[in-house]
Amino acid sequence: VAVPEETDASLPPPRVAMRVVDRPLDEGSIDEVDAVVIGGGINGTGVARDLSLRGLRVALFERNDLAFGASGNSSGMIHGGVRYLSQSPRVTETSCRDSGYIQHIAPHLLFRIPFLMPLRAGARGRIAMELVDAYFRAYDDFQPLKHGEPHCRLDAPDMNRLEPGLVGGLIGGITFDEWGVDGVRLCVHNAVDAIEHGAALHVHTTVEEIARARGPTPNARYVVQARDRMSGQSSRTAARVVINATGAWAPVTAALGSLPQARVRVRPGKGIHVVLDRRITNYGILSEAIDGRQVFLEPWQNVSVLGTTDDDYFGDLDDVRATSEEVRYLVQGVARTLPAVRTARAIGTVAGVRPTLYEYGRNEDALSRDHRVVDHASDGAPGLYSMIGGKLASYRLFAQELCDRVVDSDFGILAPCTTHTRPLPGGERVPNALGLAEAYAITPVAARRLVYRHGQRALRVLDGTRQQAAYRDVTCPCEPVLEAEVRYVLREELARTVEDVARRTRLGLGACGGLHCAARCAQIVAEERGLGAPDALAMARDFLARQASSRIVALGTEQARQEALVCAHVHAALGGRT
Amino acid sequence: VNAATPGRPRQVIVIGSGIAGTAAALAARSANAAVTLIDGGPGASVLWTGAIDALDWQKSAPVVALAGGDRRVLDALEVLSVGDGSCRLLTTAGLVRPARGCDASLLDVAHCGDGPVGVVACDRPGWHARSLARAWGQPFAALDVAIIRFADESILPDVDFAARHDDSERLGWLGNRLREALSRIASQWTALVLPPLLGVDRPRAQGLSRHVGIACGEALGSPGGPPGARFEMARNRALPAAEVQVVRGRATSVSRGAQDWSVTLYGGQTLGAEAVVLATGGVLGGGLEYAPSETRLATALPFAACAPLRLTFEAPIQIGMDGRRIDPPGSLFGYPPERFVGAFARSSPFDRAGILVDASGHVLGQTGPLVGLFAAGDAAADTPRSWLGALASGVRAGTVAASC
């Protein structure tokens, strides 16, 4: 096996000179913007929004879909980072502070997840209780920043009253407060706001080269060549500033600009979650895995989620999948505290790769969750930046740090950040879901879920039903998702495939695994995009196959029969993939 | 009970009430056996969507003529329509696909001419006439007809809505509606396709077609719809008519007594017979259970490594696939499911695993203590997913069980 050698960061890294292109040769086909952002995750969309709000012209390129990587496959919390309190209190503080801002700009998107941390009785139990209590007293200092409740100390009977399924001879426990969020929606809101402030976002478009520009216009320093992976169409965009916000892909992207990869080195850490049908507990529950790591079960939206693993990842970033090994590790860890998870019905898994800051010789869990802006001026590429590390909870601050620097040193303008005060699209006001249900003759559940995902914009989604009564149809009964919303995300939120729609609406991610909605959703996608029927069928099959492979690693007795039913139905009504 | 009294007809017990079990029971009756069928509730056949496939329909295979015994079972069940050639069905996923036959209320577009086919538009969940017409392509076009008579019918489950059309007055009303709509159209239409709603008690497509004057039928819908329910009703008529005794209950064990076989039901009742046909289905049917060792009793550490599939009742037989048993894994935690099951595989153990049988459908070991035990349908290993294949294996097992 060829293992890349460990390079000493102090030595000048071998480097290929960046290609120089003469811009005027091809002037007609070049778009010119102030900044190109590469990556449509939370950092990329956050930066695109921030720069757009400050009045810069931005183009963003995303190789797959918005929130395709870590942003859309996280634990779904903008947690305060209690875990990092002892190693890097700065991460905890910035996470908590920004969590407070996110509540302000997207109030509809957050939901409270109170956590229980059970403690086992025994010789060290009482000491552990005191230590944990003291630790959370320190965390309480940060809670006001994110409008959370201070922690509570509970005895064993209280713990069992709150969650009767807990086992393990508890001495008692501690409660603490976190906020849940849909990471995909957060990305999409940022992307939509950027578009509404003039940015051009290109999804399913991969950057092929970042070259130095030479031409009469002094503003543009770089030319970015990109290709739409669906249509095959290439484009060239000239920009003064290029920002590499590609998370775990950061070194891959840096190579496209012939930049030294060692400067943007990340240590990709794979994390998986197991999704169980329905909310099986009222509280998030912490437990200890076999290796002593902390794992948890959290009620999240209308499902329960087991998380999280953290393992070095060397695989393909475009195709990250959970394995049954990882699922068993999590189930084993949580079952020690809550045995019911062994027989609970798993309806899927999600997997993502964290772009953790690089460090050799440390355990994955001990790595810093801090973030860093790499200025490539010292690599001879002024105006080129890479964002590495970071957490969902502090994305806004990370974007602000970078954008403050860009507007000041690259554009020399005075444009203060407003991303923490201006609401995200839909966050202006949270409409009354029951009122909407009545006004638009839809079910209260559908209305409630719609308001969760779109806030005030739920009204715009539902306006579609005024023109076409058929748009009130429920396309996905599990979530539920209305046809109006499917069409809305295709028209307004850059979705292009069934999988993209699922990412934005949670269509097909429920208990039926897409049995009832994949084909129908594909027909709508085909209609909106002017595709043919065979393309729609292929898209539906791809989605169903992808979902099946995410479920099968968590296959248990409870869902095996349904898995067989999905398979039988798909073979009868769609046919297998050819 | 000593079943083997001279002069008495041979006693056969069939476990399973799906297409294979029903075929086995009817075939055994044709061979003059006294048949008891144990109906353990809905399985794969009741979740059937209406297509009768002989082989994998995506591969073009020659149309094979039906054997006489198979034809007799189809006739007894009356709801199943299998012609001499293949037919073409419309799926609500947007596909026009071939099949060997279909439920009698389904529209077979291979046999209704070349003219335009109307897709009846109505406000029903999962039914989008315009999109479907577009997906099926030429010559389909949406036709607006108000076929919803009462407000609740927009949200009523398919089976309940279909049951309303068992009423002849209601079916006549529907026919009038369709005729009115057709009379407003200038061109000559050859057929109408409707959502799955044409009867539960009996297929109503033929009656409706006569009333309207052109072929009317359903599209192939989701599992749990009217075709499965119609099969259930037809079976519930055909079995008593053939004097098959039906016992409702789940078999918990099948064991060999001194001279005959005994089958114990949940609750303790025991039945005896000289031959038993196991038509208990696979994972979907409920005859097999996916249970890797780690899930048994939900203990932290499993007792032993075992094959991840097992029978849902006790019986002295082996399950496996590809003609051999599934080896227990070298791990207490079973095989990794992604390797064992395979995500979305064309052919997974969920379809192929079952009771090990020889080429003639006999449970392996027929010459020894297992004489008189047979397996049919998805219960037998390595049978492809095929309605006709299950039916034929039932006929074969029932015939042999009644005569050997």
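This one's a predicted model, so the numbers in the text were calculated from it and none came from an experiment. Below, read A as the first sequence line, B as the second, and so on, with proteins coming before strands; counting in each chain starts at 1.
The contact between E483(A) and chain B is made entirely by side chain atoms (from C-beta outward), counting heavy-atom distances below 4.5 Å. With a threshold of 4.5 angstrom between heavy atoms, V570(A) approaches chain B through side-chain atoms but not through N, CA, C or O. In this structure, chain A has heavy atoms under 4.5 Å from both the backbone and the side chain of S222(B). Heavy atoms of S154(B) lying under 4.5 Å from chain A are absent altogether. In this structure, chain B has no heavy atom under 4.5 Å from any part of S550(A). Of the atoms belonging to V474(A), not a single heavy atom falls under 4.5 Å from chain B. Both the backbone and the side chain of A572(A) have a heavy atom closer than 4.5 Å to some heavy atom of chain B. With a 4.5 Å cut-off on non-hydrogen atoms, R520(A) touches chain B through its side chain but not through its backbone. Only the side chain of L537(A) has a heavy atom closer than 4.5 Å to any heavy atom of chain B. Using a 4.5 Å cut-off between heavy atoms, A540(A) makes no contact with chain B at all. For a residue to count as touching a neighbouring chain, one of its non-hydrogen atoms must lie under 4.5 Å from one of that chain's; by this rule P336(B) touches chain A with backbone and side chain alike.
Using a 4.0 Å cut-off between charged nitrogen and carboxylate oxygen, R88(B) and D108(B) do not count as a salt-bridge pair. E563(A) and R551(A) are joined by a salt bridge, as a carboxylate oxygen and a charged side-chain nitrogen come within less than 4.0 angstrom of each other.
Counting heavy atoms from C-beta on, the side chains of E479(A) and T505(A) never come closer than 4.5 Å. Under the 4.5 Å side-chain criterion, counting only non-hydrogen atoms from C-beta, I524(A) is in contact with T475(A).
Using the six-membered ring where Trp is involved, Y290(B) and F340(B) have ring planes that are parallel, under 30° apart on the 30 and 60° scheme.
If you check the side chains of S105(B) and E218(B), you find no donor sitting under 3.5 Å from an acceptor. With 3.5 Å as the limit, one finds no donor-acceptor pair spanning the side chains of R278(A) and S304(A).
Heavy atoms from other residues, nucleotides or ligands lying under 6.0 Å from CZ of R250(B) number 12 at most.
Most heavy-atom pairs under 4.5 Å with chain B: of the set A519(A), S324(A), A533(A), this distinction falls to S324(A). Options L90(B), T49(B), L95(B) differ in how many heavy-atom pairs under 4.5 Å they form with chain A, and the most are formed by L95(B). Chosen from A560(A), A548(A), A554(A), A536(A), the residue pairing most often with chain B at heavy-atom distances under 4.5 Å is A560(A).
Only one option out of V274(A), L297(A), I285(A), T281(A) pairs with V341(A) in a side-chain contact (heavy atoms from CB on, under 4.5 Å); it is L297(A).
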